[in-house]
There are 2 protein chains.
Amino acid sequence: MKPKPKLTLLAETFNVSVATVSNALSGKGRISPDLAQRIRDRAREIGYVPSSAGRALRTGRSGVLGLVLPDISNPLFPQIAQAIEQAASTCGYGVLIGDARGSTEGQSEAINRLLERGVDGMLVIPRRGTRVTDIGRPLAMIDSPSTPGNTVSADHHDGGVKMGAYLAELGHRHVLIVAMSSRSIVQADRIEGLKQGLGEQARVELIFTEDLAEQDGAVGSLGLASYVARGVTAVATLSDLTALRVLTELQGAGLSVPDRVSVTGFDDLIWSSAITPGLTTMRADMAEIGRIVVEALVKSIERPEQAERTQSGTVKASPDRVAMELLIRASSGKARHFEVTS
Amino acid sequence: MKPKPKLTLLAETFNVSVATVSNALSGKGRISPDLAQRIRDRAREIGYVPSSAGRALRTGRSGVLGLVLPDISNPLFPQIAQAIEQAASTCGYGVLIGDARGSTEGQSEAINRLLERGVDGMLVIPRRGTRVTDIGRPLAMIDSPSTPGNTVSADHHDGGVKMGAYLAELGHRHVLIVAMSSRSIVQADRIEGLKQGLGEQARVELIFTEDLAEQDGAVGSLGLASYVARGVTAVATLSDLTALRVLTELQGAGLSVPDRVSVTGFDDLIWSSAITPGLTTMRADMAEIGRIVVEALVKSIERPEQAERTQSGTVKASPDRVAMELLIRASSGKARHFEVTS
DNA sequence: CTGAAAGCGCTTACAG
DNA sequence: CTGAAAGCGCTTACAG
């Protein structure tokens, strides 16, 4: 643990001022190219790393973004965190994580902790039904295009439409939609889209797993067999996690997927390609979403006058939604046209 | 975006020095309890938040820990990140994330980026086969007890033993172990443990999915049916992700789980309780691991003289391993004793 | 092209 | 019990 080299040290070895060293390193200010190069070389040699605290204090910027998630244990989190981390580090920013732990107070606490740590801006994936406003620093939100204050997100409605249209195309006329929560705007958008994509002539049933969850403590049966018996030929879920539950319940009941029933998911979670049959699902380009949201936030930090804000104070991005992509795998089967059951 | 209140402002409103205000807020130094209280009240009122940059520059500490992961998209990541974030924020530290993106250079880059951001200490879950040494700041590693430099981790060998013993107890005498990589120390520990737990009399076969992965591009079949035909009655995997692949392949082939074949996983990933049949698996108490590793790291930061280091410079923790817990669900079935196949 | 100086907002000995 | 002052390590106008 050698003492960290400082600017002064570098300045002394060259008999120049710290200002000159600083300029050499940052490339700003007028300085002879030759000297600048020599200083940079030497800096690398001795492993000089500028003190982030010194710089932050002077410039008023920490170079760090806060990322607040509703619940880190959410299976979608890896995709999101990876996208944000990547985009942020490309822009030269670090990412400090905050976990709302599934509660609204947890969200406020997480935001305050990050604020205290001096983040330059905040990226929030808000908990359902919560609104974050005026934190005194640039704020961007990823949620759903239907959410007020949304900065950018996948176009969940569009994803629903595509999935619905795909199922309709395969010939499905009686579809069961299995959602999780009736209070999720994201899921509501997907449901709307699915119905639209399936078309007027399709018969659509809808259940929410949150309604069933408490029936018998542990994960209970969704009672899918009876839906199939009544003529359902496809189960469209709003999450791969639900799709997995549906798929295994059907297979366990001896109902072959996709021969007897098609199953589709959402989000392209890690296992959707690793199971048999592979899961047909909708994928959001998270890398793209991360790039858009981080760039909008960074712009608002670095050039506040140019950045647009919504009424609630969140940063605006363009585009504010990113199309989802249909990934066709075996769980939805090949095109086949069922007879319409009466 | 009102200007942030500063210490000076607070000092002026009370006609005291900034030193007094600082003491009142931190509780250090001698100051009349009454004045201290009034200052604290006022500080809360005006929403005073001390500048982290100012404090960091003066104290030489940022109050931030770096967390470097081999690959954020790993499904185990949510559990880990949540545990670390929780433990760190309990200790008053923030967590800056770094993603190695699956490569050794990525790991070095991530570490350097975090170092440049002034983290007080670093927490690394190292990529297979890499060693991180002497970063000039306290360093803790989570890997496997068998890894040199390991600070703390789940006792993977112990987990294997428990799982093996459980399967043996159920009567399984011919078991297929499905691992992913032959170069993973964690998996090697689990395999060792499994063999030990299954006992001498058990016939054990072992395959690695990485060997098969390239056979035909996409996820291919593991050819489980033939193993079952040869007498395998249980498939023990080293990850719930693999277990899922096994389970769906078996079900798809008409081999009922657990009636015909038992399946077990590892890690208790989010879906293991949501599928049918529920997946029997081994769970590590990540919250406990996070607590231990963060406390060891923080101790090393705050009281360097008291902290123990390994030869490679990593912080030591006690205990250095945490027992895993067996979660019995339907996929392994009830006790049943198979006839020993010749 | 280079340097001297100010100052970002804190905390911590030290003096009173 | 309180205050004056130094200084953490940078960057940025400004002067030369």
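Below, each value reflects all heavy atoms present in this structure, side chains not excepted, and no hydrogens, waters or symmetry copies. This is a predicted model, so every value here is computed, not measured. A, B, ... follow the sequence lines: proteins, then strands. Residue 1 opens every chain.
Contact footprint of chain A on DNA chain D: nucleotides with an atom under 4.0 Å from a non-hydrogen protein atom, first to last in 5' to 3' order, D/dG9 to D/dT12.
Mapped onto DNA chain D by nearest heavy atom, B/Asn15 and B/Leu57 fall at different nucleotides, with B/Asn15 at the one closer to the 5' end. Comparing B/Ile31 and B/Gly54 against DNA chain D, the residue whose closest nucleotide sits nearer the 5' end is B/Ile31. Comparing A/Pro33 and B/Leu7 by the nucleotide of DNA chain C whose heavy atom lies nearest to each, the residue mapping closer to the 5' end is A/Pro33.
Salt bridge absent: B/Lys299 and B/Glu295 never bring a charged side-chain N and a carboxylate O closer than 4.0 Å. A salt bridge does not link A/Lys316 with A/Asp320: every distance from a Lys NZ or Arg NE/NH1/NH2 to an Asp or Glu carboxylate oxygen is 4.0 Å or more. Taking the charged nitrogens against the carboxylate oxygens, A/Arg40 and A/Glu45 have no contact shorter than 4.0 Å, which rules out a salt bridge.
In terms of heavy atoms, B/Arg117 sits closest to A/Gly92 at NH2-O, 2.6 Å. Nearest approach of A/Ile39 to A/Leu25, heavy atoms of both residues: CG2-CD1, 4.0 Å.
Across all strands, A/Ser32 comes closer than 4.0 Å only to sugar-phosphate atoms, never to a base (heavy-atom distances). Residue contacts for B/Ala53: at a heavy-atom cut-off of 4.0 Å it reaches no nucleic acid atom on any strand shown. Note on B/Tyr48: only backbone sugar-phosphate atoms sit closer than 4.0 angstrom, heavy atoms only; bases stay farther off. Contact annotation for B/Asp34: no contact, since no heavy-atom pair falls under 4.0 Å across all strands.
Exactly one residue among A/Ile125, A/Leu65, A/Ile142 makes a side chain to side chain contact (heavy atoms under 4.5 Å, CB included) with A/Ile84. That residue is A/Ile142.
A side-chain donor-acceptor contact under 3.5 Å links A/Asp120 to the backbone of A/Ser62. In this structure, the side chain of A/Glu308 does not engage the main chain of A/Ala317 through any donor-acceptor pair within 3.5 Å.
For DNA chain D, runs of at least 3 consecutive pairs of the Watson-Crick or G-U wobble type, with both hydrogen-bonding distances under 3.5 angstrom, map to C:1-3 with D:14-16, C:5-12 with D:5-12, C:14-16 with D:1-3.
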